[in-house]
Structures are given as C-alpha cells and as structure tokens.
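Numbering of residues begins at 1 and proceeds along the displayed sequence.
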Amino acid sequence: MMNRRSFLEAGTGAAMTVLSSAQLNGMPLLKSTGDIALLREILTTLHPGLYRYSSPKKIEAGLQKLEREWMAHPDLATRYLNLSRFLSMIQCGHSYANFFNQSRKVSSQLFDPPVPTRLPFAFKWIQRKMVGTQDQSGTGLLKRGTVIKTVNGVPVSTILDNLMPYVRADGSNDAKRRALLSVGGSEDIQTFDVFYGLIYGPPEKTGYHRLLVREPEAKHDVRIDVAAITMAQRQSYFKRPDKDGTEPIWEWTLRPDNIAVLTMDNWAMFDSKWKWEAWLNERLDSLTGAKGLIVDIRENEGGNSCGDVILSRLAAKPVAMPLSRRLVRYRKVPEHLNQYLDTWDDGFRDWGDKLRPYDGQFFEQVDIAYNPVVEPKGPRINVPMAVLIGPQNSSATFQFALKCRLSGLGKLIGETTGGNLRGINGGYFFATLPDSGIEFDVALVGYYPDGPMPRDAGLDPDIKVSLTAEDIAQGNDRQMAAAANYLLNQ
C-alpha cells in the first residue's frame, strides 16, 4: 500500500488538460457539483490510464451512476464503497481510495467499527478456496490448511465474487485482486477486512462468526463458532519489521545445499534509515562459490527499484530493455485543483520543459530515459539466480521480474504476477473530496509499451508452481523446492 509517507516507485510524471469524456462522446453531462464534479475533473484532466481499459463513454456512464448513488446514499460507508467500485473500473492498481491516506475521522468510522467484524484467522485464496494460514481465534479450532467453506451461511465463493469489484488491480488481472483479498501480515489494514466489514457488517447478535470448515485430512465438514476480532487484535498477530528504522527488514540465509535465499517482502525504502544497498552488496559479495541465489519477492508489491542492485551485479555486459513510453496528460495542474491535491513532489504540479507533445492526448516525459539499460556495477557475481514470483508483484517488483525475463539473468518460478504487460500507471497526487472527506490516490504517468499492445495479463513464470491447500497444511513450500532444484541442476 502506498501512502503519503512512502510511495511506490512505479514512476513519476504528469499529464495535459483535455475535454471531459462526456464532451468527447457527445453524451449529456450532468450539471454536477461537489465531490463527483471534482472527481470527474481530476480524472479526466490528470489520469494517464483512464481510457487504457475503458472507453470515455463507459467512464462517463460510470461517473453518472456514481453521482446518482452519491446523492441517494450520502452515508460515509456507502459513499466509500461506491467510490471504490467506480475507481476499480479504471483498472489502475495505483488509483483507489487508499486506506492509509484517509483522515483519522474517516478511517476510524470505516475501518475500525465499535462492533468487531473481522474473521479471526489469516488465510490465502487458492483460486476460489479460502485456506486458513493462521488461527487468530485463540481456540485452536482453525488448523493451518483448514478450508473454510461458508461464513455465516454464505459460501466463500459468493463472498469473493461480491468483494472483487471493489478491489484495485491493473487491467483484468484478477489474480492480483484475489491476492489483495487474502489476509496475511503485509499491511496493518487488510483489504479483505475493509470491504467484508463494510458490505457484510458484524455477525448477527452473538458476535460470533459461524463457519463451515473442512480440516486437513478430515473426511467431513464441521461447523464451528469463533468470535469476531477487532483491528487491534488482527494487528497483534502480524509483527512486521520496522521499515523506517535502522535494522534490516530483509532476510538472508544460506541453506545446507549452499544456496543463498534472500527474502524481500517490502521495497518501500524511501524514508528508511537502514543502509539497505550496502547491506545487500555485502551479502552478494559472499556468494563466491555458492550454488545459486533464490530471491523471494512473492509477498512484495513494490517500492524502490531495489532489484536493480542485484541485476547490476549479475550482468556481464550492459543489457538494454525494450522501449517504454512515459506518457502524461497535462503540463500544469489547473490552479483551482491544487487545493485538493497533496503530493511529495510539487514538481508534479507544473512540468515545464520536462514534457514534449506526443499525440493529441498525451505529452511524453523527456527528463527521464525510457529505454533503461541494466549496467554492470561492482564485482560480478557468477552464480545462477531463481526469482520466486506471484500475484502480489505489481509495481517495482513486476518491473524487476520483467527485467529478469528480458535480460535472462534470472529464472522466474511460481505464479503469474500482478501488474500488467500493457503497462501500469504511477506518480501520484493524494486527492481529497471536500464534501465527504474521502481521499483517493490518482496516478499521473502512464507507462506504455512502444509497439503493439501486449495481452491484458500479468507476467507468467518460466516454471509454474502453484500452491495447494495441502501444501499449506503440511508446511510444504513447493515453489522454494522447485527453485532449489533448478539451481542445483545448473
């Protein structure tokens, strides 16, 4: 999750003023005022990927529907849900009503209700199965690998279908949406908890969630009742490293088979006091004579381009990457919008001579190279590398996986990434809608392939290995085993 204090390095950029989508299509424009009028102007003026997956006509129809719902249901929770559902139709993984950027008042009302709603267990979606990974109920009834079939009488597949339309992702990458709807320890506020709580509310009267489950190796389903938990109780089970401190947040281990494993669950190092680059280079220096290196980024959405340090140590010569256009839609933010837009870099408000005309809809950034080269740097590491990937990889980690594929410097093992081969959007304003007080992140720069448009999908692994409920129950990491097997046979 990206917030005002740490932003994903999906890119930087800005865009040009254009006609509204309604004017472009001859549709009647509602005489709107307030939040939705502001939302419309911000998106149609600034967002570089607004029409990457949707037509102007479809976006305007969505805005008009949102405005009708906004006026008909003015309570904060319903407005937040309706805004989230509309923003998800843009199919931009970086444009959403960010949980971490809401005001304290909005956050407390929406995400931490006085009556607990959270399910008392962590879990992972394996396709459409909800598989428990940690019992947080205090009862011991939810063994690791338990398959939850219904919650309060509702099939979990129905719950998944009802929550998916509210979740951010790039394009049609539903694997990313399911990953975000899993409950793990990556964030203090879980996507599933937010939308499940707002849509389904607390369990009826008793305060207990009623579950139908199948325990590992059991032949029959059983019914159990477990108490709903609060946000503080959820957070107490997830002890994450302090990414703003001076201590390492990544793990480095050397296996008995002489393979090094580097686990990197977070690359948001923007404000970190930890000298991560020096730490990483010291460990890479130790690889002389090793059988290989496994880089595990399966739970990592992105952040800084930390993986470039690894690639530069593996490269024997410069490796050019394919062209990628950085396209934006305005030169200067209209002055009356600035009061609603916060950012870490006021250069986003006026790009000056950093842009050149590209076509009738976009400008192109000229101050940043758009065909990056992996340059060798430091003593070369002559060991094979395997990279464990999955649907969480959608920003800097998606780009790292793509560089590994294109350069041939790393074998990708696991499951298809998040992100999208058609490109992603980055560079952000944090926009606040004044009437409701709801904040949403709006992307400012679009990364577009230079050439034919690729398919609407994430990046597939070189070696596909999918996890199962049985793997979770037994503690088997078949993806890690596959990576080690690959390296030992090089």
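- Judged by distance alone, with hydrogens and angles left aside, the side-chain atoms of R234 form a donor-acceptor pair with the main-chain N or O of F121 at under 3.5 Å.
- Here the closest heavy-atom approach between residue N266 and residue I249 is recorded as O-CD1, 3.9 Å.
- Put simply, the side chain of L66 reaches to within 4.5 Å of the side chain of I36, judged on heavy atoms.
- The backbone N or O of Q361 lies less than 3.5 Å from a partner atom in the side chain of D359, making a donor-acceptor pair.
- With no hydrogens or angles considered, no side-chain donor-acceptor pair links N300 and D265 at under 3.5 Å.
- In terms of modelled atom types and a separation under 3.5 Å, the side chain of Q102 and the main chain of E439 share a donor-acceptor contact.
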(request) Take V261 and E251 through the side-chain contact (heavy atoms from CB on, under 4.5 Å) test and state the conclusion after the steps. (result) CA-CA 8 Å; V261 179; E251 295 181 7; over 6 Å; no
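- Centroid-to-centroid, the aromatic rings of F270 and W344 stay 6.0 Å apart or farther.
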(message) Go through it in stages, so that I can follow the logic: the residues are K275 and E282, the test is salt bridge (charged side-chain N to carboxylate O under 4.0 Å, His left out), and I'd like the CA-CA distance, side-chain angles, deciding distance and then a yes or no.
(response) CA-CA 11 Å; K275 304 300 183 183; E282 286 176 4; over 6 Å; no
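- Taking CD of Q339 as the reference point, atom OG1 of T432 lies at 11.0 Å (rounded to 0.5 Å).
- Looking at V183 and F238, their side chains come closer than 4.5 Å, going by heavy atoms from C-beta outward.
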(request) Might you work through the side-chain contact (heavy atoms from CB on, under 4.5 Å) test for D174 and R178, ending with a clear yes or no? (result) CA-CA 6 Å; D174 282 346; R178 286 192 296 272; 4.0 Å; yes
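- Proximity of a side-chain donor or acceptor of S107 to a complementary backbone N or O of S103 within less than 3.5 Å is not detected.
- Atom-to-atom distance recorded for E415:CD and S466:OG is 4.5 Å, nearest 0.5 angstrom.
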(request) Kindly indicate, with the supporting measurements, whether the criterion ring pair (Phe, Tyr, Trp, His ring centres under 6.0 Å) is fulfilled by W267 and W276. (result) CA-CA 10 Å; W267 282 357; W276 64 268; 8.5 Å; no
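- Remark: side-chain polar atoms of N173 are not paired, donor with acceptor, to backbone N or O of A169 under 3.5 angstrom.
- Contact of the K124 side chain with the M130 side chain is not registered, since no non-hydrogen atoms from C-beta on lie closer than 4.5 Å.
- Under the 3.5 Å distance criterion, with hydrogens and angles disregarded, a donor-acceptor pair is assigned to the side chains of Q392 and K176.
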(request) May I have the step-by-step check of salt bridge (charged side-chain N to carboxylate O under 4.0 Å, His left out) for K291 and D257, ending in yes or no? (result) CA-CA 8 Å; K291 289 287 188 179; D257 56 12; over 6 Å; no
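- Taking both residues in full, the closest heavy atoms of F398 and T417 are given as CD1-OG1, 3.3 Å, listed atom of the first, atom of the second, then distance.
- Shortest non-hydrogen contact noted between T397 and G302 is OG1-N, 3.9 Å.
- R118 forms no cation-pi arrangement with Y196, by the criterion of a distance under 6.0 Å to the ring centre and an angle within 45° of the ring axis.
- In this structure, Y80 and F111 have perpendicular ring planes: the angle between them is above 60°, well past the 30° mark.
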(message) As a quick check of understanding, evaluate salt bridge (charged side-chain N to carboxylate O under 4.0 Å, His left out) for D308 and K403, giving each step before the final call.
(response) CA-CA 9 Å; D308 286 355; K403 289 178 182 178; 3.0 Å; yes
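- Residue I413 holds its CD1 atom at 8.5 Å from CG of N485, rounded to the nearest 0.5 Å.
- Judged purely by atom type and a 3.5 angstrom limit, W274 has no side-chain atom pairing as donor or acceptor with the backbone of W279.
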(message) Assess the residue pair C92 and H47 against the criterion (side-chain contact (heavy atoms from CB on, under 4.5 Å)); give the C-alpha distance rounded to whole Å, side-chain angles, the decisive distance to 0.1 Å, and a yes or no.
(response) CA-CA 10 Å; C92 168; H47 200 297; 3.6 Å; yes
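- Aromatic ring centres of Y166 and F195: separated by under 6.0 Å.
- Atom CD of Q127 has 12 or fewer heavy atoms from other residues, nucleotides or ligands within 6.0 Å.
- Of the inter-residue distances, the one linking L87 atom CG with N98 atom CG reads 11.0 Å to the nearest 0.5 angstrom.
- Between F192 and W125, the ring-plane angle classifies as tilted under the 30° and 60° cut-offs.
- Counting heavy atoms from C-beta outward, L341 and R349 have side chains that approach closer than 4.5 Å.
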(request) Show your working on side-chain contact (heavy atoms from CB on, under 4.5 Å) between I259 and L488 and close with a plain yes or no. (result) CA-CA 8 Å; I259 292 174; L488 292 170; 3.9 Å; yes
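- Counting only heavy atoms from C-beta outward, the side chains of T416 and L459 never approach each other to under 4.5 Å.
- Using a cutoff of 4.0 Å between basic side-chain nitrogens and carboxylate oxygens, D112 and R104 are not scored as salt-bridged.
- Crowding of D353 atom CG: a count of heavy atoms from other residues, nucleotides or ligands under 6.0 Å not exceeding 12.
- A donor-acceptor pair is defined here as one N or O able to donate and one able to accept, closer than 3.5 Å; such a pair exists between the side chain of Q235 and the backbone of D188.
- The two residues L83 and A97 make their nearest non-hydrogen contact at CD2-CB, 4.3 Å.
- To the nearest 0.5 Å, atoms CG (L287) and CZ (R313) are separated by 8.5 Å.
- With hydrogens and angles ignored, the 3.5 Å screen pairs a side-chain donor or acceptor of T343 with a backbone N or O of Y428.
- Using a 4.0 Å cut-off between a side-chain N of Lys or Arg and a carboxylate O of Asp or Glu, R128 and D161 qualify as a salt bridge.
- Panel note: side chain S54, backbone Y51; no donor-acceptor pair is recorded below 3.5 Å.
- The line from CZ of R478 to CG of L467 is 7.0 Å long, rounded to the nearest 0.5 Å.
- Counting only heavy atoms from C-beta outward, the side chains of R455 and R422 never approach each other to under 4.5 Å.
- The shortest non-hydrogen separation linking I310 to V295 is CD1-CG2, 4.2 Å.
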(request) Begin from the C-alpha positions of D477 and R298 and carry the test salt bridge (charged side-chain N to carboxylate O under 4.0 Å, His left out) through to its verdict. (result) CA-CA 12 Å; D477 191 340; R298 286 174 289 183; 2.9 Å; yes
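- In summary, the side chains of N420 and Y53 do present a donor paired with an acceptor at a separation below 3.5 Å, with no hydrogens or angles considered.
- The minimum heavy-atom distance linking S95 with A443 is given by the pair OG-N, 3.3 Å.
- Residues F86 and L43 meet the side-chain proximity criterion, which asks for heavy atoms closer than 4.5 Å.
- Of the residues listed (I424, I90, L421), the one engaging D170 in a side-chain contact (heavy atoms from CB on, under 4.5 Å) is I424, and it is the only one.
- Side-chain contact check for L311 versus C404: some heavy-atom pair is nearer than 4.5 Å.
- Side chain of N281 to backbone of A278: no donor-acceptor contact under 3.5 angstrom is found.
- Cation-pi contact between R325 and Y448: absent, since separation from the ring centre below 6.0 Å together with deviation from the ring axis within 45° is not met.
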